[in-house]
Every structure is written in C-alpha cells, then in structure tokens.
Amino acid sequence: MRYLVIFFLLSSLMSCESKSGASLLTSQEMKELITLDSVQLIDVRSLEAFREGHLEGAQNLVYDNEFIQKIKNLDKNKPVAVYCRTGRRSEECSKILEKAGFKKIYQLKGGLSQWEFEDELVKDTLNQ
C-alpha cells in the first residue's frame, strides 16, 4: 500500500516542473520521496554547510566547476533528488543533470530554508 501511495504521489508530481525540467517537490513530498531506497539524494551546498546539517541519507556533491565530473558516479537510471539552501543552485544542478541524461530529477522547492520553515510551522501548530 505504501508503494502505491508513493507511486501516486510521484506520478501526480510530473506536472509540477521547474525551469530545468525537474519536478519541484514540497518538503512533505520530498520526505516521502527520500524514503525510497532507489533515490539518490544530493546536497549541492558547500562542504561546510553540509557538515552543519543536511537531510538524512544525502551525499554532498558541491556545485562548482567540477560538478559535471562528480555526477558521473551517479546512476542515470535511478531518480535523483537535489537540494541546496534556497533552490537556486539546485535549479542549476538540475539543468546539468538533465543535460547529462538523467531521466527522473526532483528538486526541493525553496530548498532547506523552506523545509525548515515548514517544520517550524508544524511544530508551532502541534504546540498550541
């Protein structure tokens, strides 16, 4: 049943695409997506920012002049979920991933800033 729900979620997201062709996901949708074993979760922020905190299961592939080389170690046949702090770098990285032949690319809408904001809203709602 869980996989059926996730399949429905992912198929409904295909219509919500960023300028890069990546599907934009809300924080809640990203939380559902990263529970799948096949998703390659990529944090494109600096190593320092990654060390300060990142999504569980993420690997750090810093967006820099060598990003194209770094993604060669990823599996093009598996979905890739990419995020940064605000969504700007992940948008650029999504374009690069698309040009490199990745088929399923997901991007966290609003980046970690939005993720943290939504988490705070949920906590505030639960505490009232």
* Taking only residues two or more places apart in sequence, or in another chain, which ones meet Arg85 in a salt bridge (charged side-chain N to carboxylate O under 4.0 Å, His left out)? -> Glu116
* Spatial distance of atom OH (Tyr106) from atom CE (Met30) [nearest 0.5 Å] -> 10.0 Å
* Distance-only donor-acceptor check, side chains Thr26 and Glu29, under 3.5 Å -> yes
* Spacing of OH belonging to Tyr63 relative to CD belonging to Glu91, to within rounding of 0.5 Å -> 10.5 Å
* Asked: Same hydrophobic cluster for Ile71 and Val62, using side-chain heavy-atom links shorter than 4.5 Å among ILVMFWY?
  -> no
* Asked: Under a 4.5 Å cut-off applied to non-hydrogen side-chain atoms, are Asp64 and Lys70 in contact?
  -> yes
* **Geometric class of the His54/Phe50 ring pair [parallel <30°, tilted 30-60°, perpendicular >60°]** => parallel
* Any side-chain heavy-atom pair from Leu108 and Ser27 closer than 4.5 angstrom? -> yes
* Which atom pair, heavy atoms only, marks the closest approach of Gly87 to Gln107? -> O-NE2, 3.3 Å
* With no hydrogens and no angle check, is any side-chain donor or acceptor of Lys76 less than 3.5 Å from a backbone partner on Ala100? -> yes
* Asked: Minimum heavy-atom separation for Val82 to Ser94, with atom names?
  -> CG1-OG, 3.3 Å
* To do: Run the numbers on Gln28 and Lys31 for side chain to side chain donor-acceptor pair (under 3.5 Å), then give the verdict.
  => CA-CA 5 Å; Gln28 186 58 44; Lys31 287 175 186 177; 4.6 Å; no
* Asked: Roughly how far, to the nearest 0.5 Å, is the CG atom of Leu36 from the CG atom of Leu41?
  -> 11.5 Å
* Asked: Between Val44 and Cys93, what is the shortest heavy-atom contact and its length?
  -> CG1-SG, 3.6 Å
* **Euclidean distance, Leu97 CG relative to Lys104 NZ, rounded to 0.5 Å** => 15.0 Å
* Asked: Quick one: are Arg45 and Arg89 in side-chain contact, heavy atoms under 4.5 Å?
  -> yes
* **pair Leu112-Leu55: side-chain heavy atoms closer than 4.5 Å** => yes
* **Check: Leu74 and Gln59 side chains under 4.5 Å, non-hydrogen atoms** => yes
* Drop me the distance from Leu61's CG to Gln40's CD, to the nearest 0.5 angstrom. => 9.5 Å
* Can you tell me how far CG of Asn77 sits from OG of Ser38, rounded to the nearest 0.5 angstrom? -> 11.0 Å
* salt_bridge(Glu92, Lys95) N-O dist < 4.0 Å -> yes
* Heavy-atom side-chain contact between Val39 and Val80 under 4.5 Å -> no
* Asked: Is any side-chain heavy atom of Tyr83 less than 4.5 Å from a side-chain heavy atom of Asp43?
  -> yes
* Validation row: Lys109, Gln114 side chains within 4.5 angstrom (heavy atoms) -> no
